[in-house]
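Throughout, protein chains are lettered first and strands after them, A, B, ... in sequence-line order, and every chain is numbered starting at 1. Just so we're clear, the structure is a prediction, and the values are computed from it rather than from any experiment.
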Amino acid sequence: MSPSASCSEDVDLIGLIFEAVGQIPEGKVSTYGDIAKAMGDVRAAKAVAQVLWDVDCQEVPRHRVVSADGTLGSCVAISVSEVTRRLMEEGVFIHNGRIASLEATRFADFHIPSVLRQLQAEQEALRLSVVDSDDFPRPACVSGLDASYTKDWGCVALVRMDLESLEVVEARSAVGRVRFPYITGYLAYRELPLIRKVFSDRDGDILLIDGHGILHPRGFGVASQVGVCLDVATIGAAKSHLVGAIEGDGPKAKVMVDGELKGIRLSPKGGKGIFVSVGHRISLTTACALCERLMIGRIPEPLRLAHVLATRRRKELEIEP
DNA sequence: GCGACAG
DNA sequence: ATCTTGTCGC
């Protein structure tokens, strides 16, 4: 039995984004990328924009954040004309819906922690704990996990299926606020809090995760992070390609990273297939065998059912929050 | 035109 | 992931 490691599970990136926006002085503007860089990864720029304009927020001057080409943002709560009016009022000039001279009015001296850089380092360290060999008694059940979201709310569903009969033996879900937006490479920090809420420890259980395992830029995708942090066997099963070179186009194409086999693209009936990789405490061979056994359609059945359940529960919640 | 690309 | 109608195909 491997010891369970701990990782940062309650990072409030949404709060940090609002905190950064609050630091932009009147008469100045910043770009989504400026805030993303201050948080430690410019690749979070799109997430910054999404949070600012999609999440109901407090009294932050979000009209002072624009895209890299000077284009203004807006949402149902604040129209483009209202954003324009506020900026003009603060002495920022707008021409044709853009900031007239972005460089002259730009602010980027944020004083916030470089959280994403820290999380990257955490992933690099935790990846060393991944066990890529079978480490469980003969599995009886596999539980599929999937999430569904609206704004800063989410629902994660778990569907447990008997490997022998392929019957659903359990289905649960958990809902809650989500304070970490979707950013490629950091999916676990978004999903882990709700996954922990829905998960219950059971012997012989294997978790099937909707996302990559070690087939990830830092070798530590959501499936591996869930496995290491909950100390449970996990399989990564992603619907699309993230990293690695796909060799050939057969039903079991190898996916190589730095000349090493890190995943398999499983496509029994052709098509896009799914990308299977080791999450934790399992071998790639066993992970593939289990996925093949559970694939009725393109998506392994526990994952498909978890997706249906999570979406249904989330929509119920939307009507009555 | 070039880079990025999980959910 | 989510927003969404009808439509093409097995």
Side-chain angles (χ1 to χ4, degrees), chain A residues 13-14 32-33 36 41-47 49-51 53-55 68-69 75-76 116 119-120 123 127 144-158 173 175-195 198 207-227 234-246 255 257 262-266 269-279 287 291 296-300 303-304 306-319:
Chain A
L13 210 72
I14 291 180
Y32 307 118
D41 194 339
V42 69
R43 293 165 78 183
K46 277 172 190 156
Q50 227 171 315
V51 166
W53 302 110
D54 287 352
V55 174
D69 65 359
C75 63
V76 282
L116 297 178
L119 296 184
Q120 278 195 40
Q123 291 179 319
R127 73 186 281 189
L145 281 167
D146 192 35
S148 176
Y149 301 96
T150 24
K151 296 189 173 181
D152 60 342
W153 280 89
C155 174
V156 166
L158 179 152
S173 62
V175 295
R177 281 234 280 176
V178 176
R179 303 296 294 173
F180 200 103
Y182 170 70
I183 307 167
T184 300
Y186 303 86
L187 183 55
Y189 295 101
R190 176 169 172 78
E191 307 210 320
L192 201 40
L194 283 178
I195 288 179
V198 78
L207 259 39
L208 189 53
I209 307 284
D210 190 5
H212 293 282
I214 63 171
L215 199 54
H216 174 273
R218 292 176 286 284
F220 200 63
V222 61
S224 297
Q225 196 158 345
V226 169
T234 57
I235 299 169
K239 293 180 291 296
S240 54
H241 180 65
L242 178 59
V243 292
I246 304 167
V255 186
V257 175
K262 293 290 183 188
I264 296 286
R265 189 190 60 189
L266 221 51
K269 300 169 188 170
K272 285 179 295 185
I274 55 157
F275 293 81
V276 178
S277 61
V278 169
C291 282
I296 296 172
R298 181 174 86 98
I299 310 296
L303 279 185
R304 194 186 63 79
H307 182 270
V308 171
L309 179 58
T311 308
R312 187 162 56 77
R313 285 277 283 131
R314 196 260 302 163
K315 287 186 173 170
E316 287 169 3
L317 187 84
E318 234 175 320
I319 302 164

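Spacing between atom CG of D54(A) and atom P of dT2(C) amounts to 13 Å, rounded to whole angstrom units. Rounded to whole Å, atom C1' of dG7(B) lies 15 Å from atom CZ of F275(A). When rounded to the nearest whole Å, the span between CG of L187(A) and C1' of dG7(B) equals 5 Å. Atom CD1 of I195(A) and atom P of dA1(C) are 14 Å apart (whole Å). When the P atom of dA6(B) is taken as reference, atom OH of Y189(A) falls 18 Å away, rounded to whole Å. Between F180(A) atom CZ and dG7(B) atom C1' there is a gap of 13 Å when expressed in whole angstrom units. Here the P atom of nucleotide dC5(B) and the CZ atom of R218(A) are 10 Å apart, to the nearest Å. The nearest whole Å value for the distance from the CD1 atom in I299(A) to the P atom in dA6(B) is 15 Å.
The cationic atom of R179(A) (NZ for Lys, CZ for Arg) does not lie both less than 6.0 Å from the six-membered ring centre of Y189(A) and within 45° of the ring axis.
Base engagement by G185(A) is indicated by at least one non-hydrogen atom pair under 4.0 Å involving a base atom. Residue V243(A) is out of contact with every strand shown, counting any heavy-atom pair closer than 4.0 Å. Contact annotation for H216(A): base contact, defined as any heavy-atom pair under 4.0 Å involving a base atom. Counting non-hydrogen atoms under 4.0 angstrom, Y186(A) reaches a base of the nucleic acid.
In this structure, K262(A) and S277(A) approach most closely via the heavy-atom pair O-CB, 3.4 Å.
Stem analysis of DNA chain B (Watson-Crick or G-U pairs, both distances under 3.5 Å, runs of at least three) returns none.
Of the candidates dA6(B), dC3(C), dA4(B), the closest approach to any side-chain atom of S240(A) belongs to dA6(B). Distance from the side chain of K315(A) is smallest to dC3(C) among dC3(C), dG7(B), dA1(C). Distances were taken from every side-chain heavy atom of D146(A) (C-beta onward) to each of dT2(C), dA6(B), dG7(B); the shortest belongs to dG7(B). You'll find that the side chain of R43(A) is closest to dA4(B), out of dT2(C), dG7(B), dA4(B).
Remark: K239(A) is in phosphate contact with dG7(B), judged by side-chain N or O atoms under 4.0 Å from OP1 or OP2. For H307(A), no side-chain nitrogen or oxygen approaches OP1 or OP2 of dG7(B) to under 4.0 Å. Close to dA6(B), at under 4.0 Å from its OP1 or OP2, lies a side-chain N or O of T184(A). Taking side-chain N and O atoms only, R314(A) has no distance below 4.0 Å to OP1 or OP2 of dA1(C). Contact annotation: Y149(A) side-chain N/O to dG7(B) OP1/OP2 distance is not under 4.0 Å.
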request  = In sequence, state the C-alpha distance, the side-chain angles, and the governing distance for I264(A) and F275(A), and then conclude on side chain to side chain contact (heavy atoms under 4.5 Å, CB included).
outcome  = CA-CA 6 Å; I264(A) 296 286; F275(A) 293 81; over 6 Å; no

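Checked against Y186(A) for a side-chain hydrogen bond (donor to acceptor under 3.5 Å, both in side chains), the options Q123(A), Q120(A), E191(A) give a single hit: Q120(A).
Taking 4.5 Å as the limit, every side-chain heavy atom of H212(A) sits out of range of all side-chain heavy atoms of V222(A).
Ion pairing between a basic and an acidic side chain is recognised when a charged N comes within 4.0 Å of a carboxylate O; R177(A) and D152(A) show such pairing. For R304(A) and D146(A), the salt-bridge test fails: no basic side-chain N is under 4.0 Å from an acidic carboxylate O.
If you check the side chains of Y32(A) and Q50(A), you find no donor sitting under 3.5 Å from an acceptor.
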